[in-house]
Amino acid sequence: MAALIIDFSADSDAVARALIGMTLLVGGVGGRIVETEAYDQLDAASHSFSGPTPRNAAMFGPPGRAYVYRSYGIHWCLNLVCREEGHGAGVLIRAMEPTAGLEQMRALRGLTDVRLLCAGPGRVGQALNVDASFNGMRLDRAPFKLLAQPAANAGAETVVVLEGPRIGISKAADLPWRFGEAGSRFLSRRF
DNA sequence: AGTATGATTGCCT
DNA sequence: GGCAATCATACTG
């Protein structure tokens, strides 16, 4: 059984940074992760800040699993749980460079522009067909797949990671826990 | 039981 | 740039 290529027991900001450039597939559909955000229980902006609730239970579960929540009553957002069980940390997948299952993503998103398929957390959820049924699922088993390199390998060029303040939060807004690939055209916003 | 609030997106001016 | 869409969760009474 292949182990995950990332140690999810590390701090969420370290995991969020390490995930940039790695490939995430859900049911064979996905691409390179180009933008993430870290959250932690000791972080006023995190869903886990006020302790466990039915919604955020997955964040307090074992690391290396998915935490999926409904955003603004409309979108599904995908997080990867970090730290140890009971801690309440995770990484939000904010944007990806589509590399696999482009046509399915186009169909689910209802548009053709590759640049807009996964440029934002709600868009990632829709493009990868993620919903509440994925909450708490292990990342080392189907339908999830985490790879060190793109399926259609383009070479081992170094990934330059930018950091900045997180988007759309009101508390702890100064913390530089948003990470992204320098020069990527698939970010939800520029850094 | 009623109300306020988003880790967002897309369409409008 | 402004704002509506839409609903589970959290908070108030």
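Heavy atoms only: backbone and side chains are in, while hydrogens, waters and symmetry mates are out. Chain A is the first sequence line, chain B the second, and so forth, proteins listed ahead of strands; every chain is numbered from 1.
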* Asked: Between B:dA4 and C:dA4, how far is it from one P atom to the other, in whole Å?
  -> 15 Å
Would you say [X]'s side chain and [Y]'s backbone share a donor-acceptor pair under 3.5 angstrom?
X: A:Glu181; Y: A:Gly21; answer: no
X: A:Glu35; Y: A:Ser188; answer: yes
X: A:Asp40; Y: A:Leu42; answer: yes
X: A:Arg32; Y: A:Glu97; answer: no

Using a 4.5 Å cut-off on heavy atoms from C-beta on, say whether the side chain of [Y] contacts that of [X].
X: A:Tyr39; Y: A:Asn56; value: no
X: A:Leu24; Y: A:Leu78; value: yes
X: A:Met96; Y: A:Met105; value: no
X: A:Phe179; Y: A:Glu37; value: no

Which part of the nucleic acid, if any, lies within reach of [X] when heavy atoms closer than 4.0 Å are counted: base, sugar-phosphate only, or nothing?
X: A:Arg55; value: sugar-phosphate
X: A:Ser188; value: nothing
X: A:Arg189; value: nothing
X: A:Ile169; value: sugar-phosphate

In whole angstrom, what separates [X]'s [atom1] from [N]'s [atom2]?
X: A:Lys171; N: C:dA10; atom1: NZ; atom2: P; value: 12 Å
X: A:Ile74; N: C:dC7; atom1: CD1; atom2: P; value: 8 Å
X: A:Trp76; N: C:dC7; atom1: CH2; atom2: P; value: 11 Å
X: A:Gln126; N: C:dT6; atom1: CD; atom2: P; value: 14 Å

* **Contact nearer the 5' end of DNA chain B, comparing A:Tyr67 with A:Arg109** => A:Tyr67
* Asked: Are A:Arg115 and A:Asp113 ion-paired here, with the side-chain N under 4.0 Å from a carboxylate O?
  -> no
* Secondary-structure stems, DNA chain C, at least 3 Watson-Crick or G-U base pairs under 3.5 Å -> B:1-6 with C:7-12, B:8-12 with C:1-5
* Considering only heavy atoms of chain A and a distance under 4.0 Å, specify the first and last nucleotide of DNA chain B in 5' to 3' order that meet this criterion. => B:dG6 to B:dG10
